[in-house]
Asker: 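If you scroll down you'll find the structure; I have some questions about it.
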Amino acid sequence: MVTVEKDFIIRTKNVDFFYGAFRALSGITMNFEKNKVTALIGPSGCGKSTLLRLLNRMNDLIDGTRVEGEILFEGRNIYAPEVDPVEIRQRIGMVFQKPNPFPKSIFNNMTYAPKLAGIRDSGEINALVEESLKQAVLWDEVKDILAKSAMTLSGGQQQRLCIARALAMKPDVILMDEPTSALDPISTAKIEELIDTLKKHYTIIIVTHNMQQAARISEYTGFFYLGKVIEFNGTEKIFTNPDMKQTEDYITGRFG
Amino acid sequence: MNGKTFESSMRSRYFKQRLFFGAVRLSALVITLALLGILAYILDNGFRAVTWEFITQPPTDSMTKGGIMPAIVGTLYLTVGAILVALPLGVVSAIFLTEYAKQGALTRIIRIGVNCLAGVPSVVFGLFGLGFFVVFLKFGSSILAGALTLGILILPTIIGAAEEALKAVPQTFREASLALGVSKWNTIFRIVLPSALPGILTGAILGVGRAAGETAPIMFTAAAFFTAVLPKSIFDEVMALPYHIYVLATAGTHIEETRPLQYGTVLVLIALVLGIDLIAIIMRSMFRRNKRW
Amino acid sequence: MKTRKNILTKRTEEIAIRNLFGFFAFLSVLLLGLILVFLFREGLPLFKQISVADFLFGTAWYPTYDPPEYGIWPLIVGSLVVTFFACLIAVPLGFLSAVYIAEIAPAGIKEILKSVIELLAGLPSVVLGFFGMVIVGPWLQETFDLPTGLNIANAAVMLAIMAIPTISSLSEDALYAVPREFKEASYALGATRYETIIRVVVPAALSGISTAVILGMARAIGETMVVLMVAGGAAAVPGGIFDAVRPMTASIAAEMGEAPFRSGHYHALFATGIVLFVITLAFNLIADTISNRFRETGSGTL
């Protein structure tokens with residue numbers, strides 16, 4: 001283990017990413033600290049979501065893409081040939097922009113992945129469902145309707161279900177791709193509150209369009225522009241006294 | 001442009017439009033009437049022939065009297081056999097094409113293959129079935145050979161329907177499952193396939209309808225002129241409704257005499273085939289309406 | 001963390017599944033090859049007896065005479081003639097009905113008409129053949145005072161009914177695929193609906209419509225039961241639309257039952273099957289090329 005004063009759970013080293021011939025990311029080097037919230041901000045198409053999806057190998061699903069450089073998760077390159085992306089995704093969960101529950105019951109949404117990961121004991125499963133839903137502050141709302149279809153929940157509830165579903169896999173890291181952009185302000189506040197409590201146990205990396213949100217919930221913020229990291233700093237520093245002129249222009253609303 | 005010439009030019013433009021729209025509506029009307037005419041005529045003439053005995057009795061008096069029960073049973077065997085062949089193969093092919101295959105030479109070749117297979121004339125399938133299943137594999141003219149031939153015939157239909165159903169499953173379902181650390185195979189088997197199932201079934205039912213009505217592919221591979229008893233094994237020949245119609249209408253010396261039997265058999269076949277199609281059409285619109293995503 | 005071995009077997013499993021599925025998907029291509037192999041296996045022996053040219057262009061089809069003659073030119077002409085006249089009916093009706101469904105019909109009628117087309121496609125060919133025999137045939141015979149109502153005209157009408165659904169539904173798909181922006185741009189320039197349809201929508205959908213027509217023709221040329229029952233069965237080059245013909249498909253279907261196993265006649269019917277296969281394959285490949293080129297270049301030809 002390298003001796004550093006901080007415990008970095010994910011480190012990217014000089015990552016380039018291509019869609020065919022188009023270079024979507026270039027030279028991304030970032031360290032994500034354990035049990036902290038890191039926000040990625042920047043205008044649309046700047047590559048922040050692309051980076052997020054590289055961290056759990058979701059971009060594998062897109063034909064004709066190529067990754068260069070290294071992404072180390074607990075010191076291991078997740079793009080090494082012997083690494084199974086399925087295992088990586090079990091340990092690095094993800095929440096998407098639009099809530100995407102399966103058209104199954106709430107209960108089955110929760111148990112789907114844990115069962116496939118090999119948890120068979122029904123007592124253990126039930127406990128896991130309850131614990132995860134409680135962590136996601138959804139338990140009280142759904143405990144009596146677990147057999148109902150997840151599609152009947154409101155948008156905000158669906159998104160918390162998706163978070164709970166990810167938590168049930170007991171991941172180390174949770175990636176969130178603009179998780180509140182499809183939600184109303186009240187649901188957004190609930191999710192932000194939730195993120196704040198979750199960071200005690202989880203590392204959270206969140207992509208957001210909303211700069212106030214980044215300022216409210218994160219310890220670190222990375223500002224992306226045209227596929228590059230312009231500035232990666234403590235959130236407070238970024239929003240009060242950024243090192244780069246471009247960052248200042250963006251957060252003060254002069255472009256983007 | 002002054003007002004008058006503008007007006008007259010508009011008049012001629014709208015005249016062309018009326019003419020064209022008239023032709024368009026007429027063509028739709030002609031097609032509808034053709035279908036209704038055929039159905040009404042067959043219904044009107046077949047109605048009297050179709051009785052309980054007609055459906056449950058075998059033919060008698062060298063097929064000039066009696067019913068068509070063996071032909072109904074034979075068609076059911078052949079059709080069920082065909083779908084047993086085509087459904088698994090078709091679904092697996094479609095899964096490969098939509099979920100696994102990357103754009104490339106292999107996919108392109110498979111797609112061309114499926115399209116061309118769909119275009120092979122049914123009588124050529126019959127020849128193939130004869131050359132391959134009946135002669136080469138020594139199945140003889142049998143349910144097995146006929147069902148395999150029909151199965152290959154409807155394979156492209158099933159692949160097409162299954163592909164469409166799989167493509168209609170939102171990408172977010174796949175992403176959600178994969179992001180939870182579920183393997184690709186489990187994602188396909190437990191999330192994608194169940195969501196696509198209604199569409200796949202609809203396609204399968206349409207394939208069944210198609211198989212039930214085909215004549216040429218079974219003429220040399222399975223169909224018998226007349227069998228006194230029902231088939232006992234998959235290596236037996238069978239009577240089949242479409243072939244029975246052809247035989248009654250074209251062969252022998254009793255063509256005029258057996259007209260009622262012909263109309264009755266046509267009605268039963270149409271009821272079977274269009275009934276199956278109608279079920280599929282209704283199922284599809286129901287699923288579209290209840291779509292959960 | 002799981003053992004490496006466990007992970008490896010899981011990944012091998014995934015790869016195995018993928019390859020297995022790939023194999024089954026490839027089966028369609030294999031089957032196509034297999035069809036060709038078996039057509040050749042049973043058809044090629046004929047050419048020990050006669051040359052390919054005599055087979056294709058010989059005008060006498062007397063397979064049961066002694067000595068037999070295996071010239072399928074009249075059969076090829078028969079197939080082409082009925083297909084041509086069927087298309088004369090089916091292309092305008094199919095195309096216009098597609099325009100109606102895609103551009104003009106109100107929602108309710110559109111749904112009904114789509115079902116009509118689908119049901120028409122579902123009518124078994126033997127039923128259409130039967131209808132042609134008992135209704136269209138006698139009517140033609142009486143109206144035009146003919147020796148027989150089973151002829152090219154009859155076959156063309158019944159074949160057209162078989163080809164209309166293919167042409168109509170595929171054309172409709174092509175018309176639907178034309179972006180709304182094109183139409184809106186045309187309307188905004190003061191064009192009428194007719195002008196918009198004819199000058200913007202149809203040209204933009206032209207490759208799809210061509211594909212539809214070619215596939216409709218392929219359908220007609222490969223159709224068996226209809227021509228077997230209503231084309232009249234005369235293996236001679238026709239002189240008019242009320243003459244009887246014997247298209248290739250009809251000949252195969254009618255004679256295979258009587259041809260002694262692996263006789264010259266049997267081989268000749270398989271060889272006819274090869275010709276039929278090659279013609280329809282060519283049609284399908286052309287259709288595939290057109291629709292594929294369209295996909296790559298968009299509607300740049302507009």
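Numbered from 1 within each chain, the chains take letters A, B, ... in sequence-line order.
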Asker: Is it the side chain or the backbone of B/R259 that comes within 4.5 Å of chain C heavy atoms, both, or neither?
Answerer: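 Looking at B/R259, just its side chain touches chain C.
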Asker: For C/I101, is it the side chain, the backbone, both or neither that has a heavy atom under 4.5 Å from a heavy atom of chain B?
Answerer: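 Neither part; nothing is under 4.5 Å.
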Asker: I would like to know whether C/F23 and B/F96 meet ring pair (Phe, Tyr, Trp, His ring centres under 6.0 Å); could you show each step before the answer?
Answerer: CA-CA 9 Å; C/F23 169 74; B/F96 180 78; over 10 Å; no
Asker: With a 4.5 Å cut-off on side-chain heavy atoms, are B/F133 and C/F38 touching?
Answerer: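 Not touching, per the 4.5 Å side-chain cut-off.
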Asker: Roughly how far apart are B/L39 CG and C/L119 CG, rounded to 0.5 Å?
Answerer: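 Here the interatomic distance stands at 7.5 Å.
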Asker: Using non-hydrogen atoms only, which part of B/V92 is less than 4.5 Å away from chain C: side chain, backbone, both, or neither?
Answerer: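 Interface part for B/V92: both.
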Asker: Check whether more than 12 heavy atoms from other residues, nucleotides or ligands sit under 6.0 Å from atom OH of B/Y100, and answer yes or no.
Answerer: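 For B/Y100, atom OH is crowded (more than 12 foreign heavy atoms under 6.0 Å).
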Asker: Where does B/I110 contact chain C at under 4.5 Å (heavy atoms): side chain, backbone, both or neither?
Answerer: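 Both parts, backbone and side chain.
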Asker: Under 3.5 Å, side chain of B/Q17 to main-chain N/O of C/E195, donor-acceptor pair present?
Answerer: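 Such a contact is absent between B/Q17 side chain and C/E195 backbone.
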Asker: When rounded to the nearest 0.5 angstrom, what distance separates CG in C/L93 from CD1 in B/I31?
Answerer: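 Atom-to-atom, C/L93:CG and B/I31:CD1 are 5.0 Å apart.
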Asker: Where does B/L26 contact chain C at under 4.5 Å (heavy atoms): side chain, backbone, both or neither?
Answerer: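 Neither part.
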Asker: Find the one option among B/L19, B/L97, B/T107, B/V135 whose heavy-atom pairs under 4.5 Å with chain C are most numerous.
Answerer: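 Top option by heavy-atom pairs under 4.5 Å: B/V135.
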Asker: Select, from B/P156, B/S122, B/S183, B/P88, the one with the greatest count of heavy-atom pairs under 4.5 Å involving chain C.
Answerer: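 Ranked by contacts with chain C, first place is B/S183.
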Asker: What's the separation between atom CG in B/N115 and atom CG in C/L285, rounded to the nearest 0.5 Å?
Answerer: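 It comes to 9.5 Å.
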Asker: Measure the CD1-CG distance between C/I164 and B/L35 for me, rounded to the nearest 0.5 Å.
Answerer: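 Going from the CD1 atom of C/I164 to the CG atom of B/L35 covers 11.0 Å.
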Asker: Can you tell which part of B/Y41 gets under 4.5 Å to a heavy atom of chain C, answering side chain, backbone, both or neither?
Answerer: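 When you check distances to chain C, only side chain atoms of B/Y41 fall under 4.5 Å.
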Asker: Relative to chain C, which segment of B/L36 carries a heavy atom at a distance below 4.5 Å: side chain, backbone, both, or neither?
Answerer: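 It is neither, since no heavy atom gets under 4.5 Å.
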Asker: Just so I understand: if I count every heavy-atom pair under 4.5 Å between each of B/A118, B/G113, B/G209, B/C116 and chain C, which residue has the most?
Answerer: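 Most pairs with chain C among the choices: B/C116.
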Asker: So, taking the atom named CD1 in B/I38 and the one named CD1 in C/I135, what distance separates them when rounded to the nearest 0.5 Å?
Answerer: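 Answer for the CD1-CD1 pair, B/I38 versus C/I135, is 10.0 Å.
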Asker: Give, as side chain, backbone, both or neither, the part of C/F283 having an atom under 4.5 angstrom from any heavy atom of chain B.
Answerer: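 Answer is neither: C/F283 stays 4.5 Å or more from chain B.
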Asker: Name the region of B/L127, side chain, backbone, both or neither, that has any atom closer than 4.5 Å to a heavy atom of chain C.
Answerer: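 Both backbone and side chain of B/L127 come within 4.5 Å of chain C.
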Asker: Under a 4.5 Å heavy-atom cut-off, does chain C meet the side chain of B/F220, its backbone, both or neither?
Answerer: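 Just its side chain gets close to chain C.
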Asker: At a 4.5 Å cut-off on heavy atoms, which part of B/I276 comes close to chain C: side chain, backbone, both, or neither?
Answerer: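 Answer is neither: B/I276 stays 4.5 Å or more from chain C.
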Asker: Going from CD on C/E118 to CG on B/L274, what distance comes out if it is rounded to the nearest 0.5 angstrom?
Answerer: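 Rounded to the nearest 0.5 Å, the CD-CG separation comes to 11.0 Å.
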